[in-house]
Amino acid sequence: MWENRLSYDTVNLDDDENALVIIDQTKLPNTVELLHLSKQQDIREAIYRLQVRGAPAIGVAAAIGLYLAANGIHAERWDDFYLRLKEAKDYLASARPTAVNLFWALDRMENVAVKNKALAVRDIKKALHDEALRIRDEDIGVCRSIGEHGLALLKDGDGVLTHCNAGRLAAVRYGTALAPVHLGRERGMNFRVFTDETRPLLQGARLSAFELVADGVDTTLICDNMASQVLKNGWVNIIFVGCDRVAANGDTANKIGTSGLAILAKHYGVPFYFCAPSSTIDMATGCGADIVIEQRPSEEVTELWYERRMAPEGVKVYNPAFDVTDNALISGFVTEAGILRAPFTESFRRLKGSAIALAG
Ligand code: MRU
């Protein structure tokens with residue numbers, strides 16, 4: 001079923017068509033439809049509208065989007081090319097504010113252009129093409145490694161709770177929080193996964209449930225307000241969630257509802273892990289209060305998914321897309337380099353330090 005229904009990478013580049021190729025996640029689970037997007041406006045809109053979503057997938061989509069923008073720039077001189085490239089970068093960066101992977105990937109692309117500025121524009125474009133594909137390919141390897149490290153925390157038959165979608169639909173393949181589950185499935189293991197529906201955009205019901213069921217996982221969908229009861233019942237051995245930005249002190253932004261789940265986990269003594277590529281750790285953001293939280297339209301709460309509006313006209317709506325989990329509630333971060341534990345700032349410094357040493 002998996003192969004038939006979802007055998008594509010979530011994000012890709014079609015060189016023949018000069019297009020970003022994504023699975024339109026707003027149509028899931030009922031329709032698996034690939035979108036081929038070439039115009040910058042459509043690519044930015046796809047990120048804003050969550051046709052492509054999830055921190056790693058947004059980063060890869062933006063990198064490919066910036067390559068496509070660069071490829072369309074008609075300029076011979078570096079200064080002219082760079083000016084237009086910066087405009088395109090700022091435009092894509094304005095799509096969503098919280099997931100740091102968007103900015104991380106765009107910065108990586110800009111750095112490659114700058115490093116190659118002495119080359120002919122044609123060759124700079126080639127370097128940007130290769131970097132965008134490198135970012136995509138690295139994501140696959142990084143998520144698989146997250147899966148390996150996360151799997152070490154699981155035993156066959158375990159109950160796992162997750163929130164939002166940090167599965168393969170949120171990355172290129174595997175995902176982060178669901179990578180251990182998918183990898184375990186590849187090895188014949190079985191888990192019981194509980195997925196919160198994740199109001200208001202239902203990423204848990206529409207996306208996590210879809211990809212888990214497609215992978216043959218024993219999946220139970222619960223409304224967000226049922227998590228406490230499920231934990232109290234003792235059905236969950238571990239909570240795995242993804243994240244959008246990790247501050248230097250370990251405070252972590254993820255889909256709205258995550259911090260409440262972490263508080264419940266502490267109460268019931270259930271281990272609570274964020275699964276994330278190291279690119280989601282943002283040492284330039286000191287603590288959770290410094291993370292910009294995206295506010296989204298009120299209609300997502302009052303109207304979307306209902307046949308008729310379900311709240312009175314004139315009611316005020318608070319619709320933050322993310323919340324911040326305090327570092328004290330977090331058991332650890334499952335990264336591609338292993339599991340990081342408190343004190344987080346030191347663990348992050350060591351990880352970033354070794355990555356810089358490897359790159360240099
Ligand atoms: O608004 P979304 O659907 O982009 O939010 C996604 C999440 O909050 C994910 O948990 C996070 O990006 C990690 S994805 C591996």
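Atom set for the values below is all heavy atoms of this structure, side chains included, hydrogens, waters and symmetry mates excluded. The residues of the chain are indexed from 1 along the displayed sequence. If you're wondering where the values come from, they're calculated on a predicted model, not measured in any experiment. Numbering of ligands and ligand atoms starts at 1, following listing order.
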Check D123 with K126, please: is the shortest side-chain N to carboxylate O separation under 4.0 Å? no
Say whether P56, considering both its backbone and side-chain N or O atoms, lies within less than 3.5 Å of an N or O atom on ligand 1. no
Salt-bridge criterion met for R77 and D80 (N-O under 4.0 Å): yes
Min N/O separation G54 to ligand 1 under 3.5 Å: yes
With a cut-off of 4.0 Å, which atoms of ligand 1 are near a heavy atom of A166? 14 (S), 15 (C)
Considering distance alone, does some N or O of R53 sit under 3.5 Å from an N or O of ligand 1? yes
Is R245 paired with D282 through a side-chain N to carboxylate O contact shorter than 4.0 Å? yes
Any C164 heavy atom less than 4.0 Å to ligand 1: yes
Numbering the atoms of ligand 1 from 1, which are under 4.0 Å from a heavy atom of F322? 1 (O), 5 (O), 8 (O)
Pairing of D24 and K27 as salt bridge, 4.0 angstrom limit: yes
If you measure from atom 11 (C) of ligand 1 to every heavy atom of T98, T198, D244, T280, which option wins on shortest distance? D244
With a sphere of 6.0 Å drawn around CZ of R349, does it hold more than 12 non-hydrogen atoms of other residues, nucleotides or ligands? no
Heavy-atom contact under 4.0 Å between R96 and ligand 1? yes
In terms of the angle between their ring planes, are F344 and F333 parallel, tilted or perpendicular, with boundaries placed at 30° and 60°? perpendicular
Looking at W235, I want to see if its CH2 is surrounded by more than 12 non-hydrogen atoms of other residues, nucleotides or ligands under 6.0 Å. no
Of all the atoms in ligand 1, which lie at a distance below 4.0 Å from a heavy atom belonging to N254? 7 (C), 8 (O), 9 (C), 10 (O), 11 (C)
What part of L50 sits under 4.0 Å from ligand 1 if we count only heavy atoms: the side chain, the backbone, both or neither? side chain
Using a strict cut-off of 4.0 Å, indicate which atoms of ligand 1 neighbour a heavy atom of A170. 14 (S), 15 (C)
Have a look at ligand 1 and work out which part of C243, if any, has a heavy atom under 4.0 Å from it: side chain, backbone, both or neither. backbone
I need the atoms of ligand 1 closer than 4.0 Å to a non-hydrogen atom of Q203, numbered in the order shown. 1 (O), 2 (P), 3 (O)
Applying a strict 4.0 Å limit to heavy atoms, is A171 in contact with ligand 1? no
Can you list the ligand 1 atoms lying under 4.0 Å from a non-hydrogen atom of T176? 15 (C)
Where on K255 is there a heavy atom closer than 4.0 Å to ligand 1, on the side chain, on the backbone, on both, or on neither? both
In plain terms, say whether E294 and R296 are close enough for a salt bridge, that is, a side-chain N and a carboxylate O under 4.0 Å apart. yes
Among E211, K255, Q203, which one satisfies side-chain hydrogen bond (donor to acceptor under 3.5 Å, both in side chains) with N165? E211
Sub-3.5 Å donor-acceptor pair from the side chain of S331 to the main-chain atoms of F272, do we have one? yes
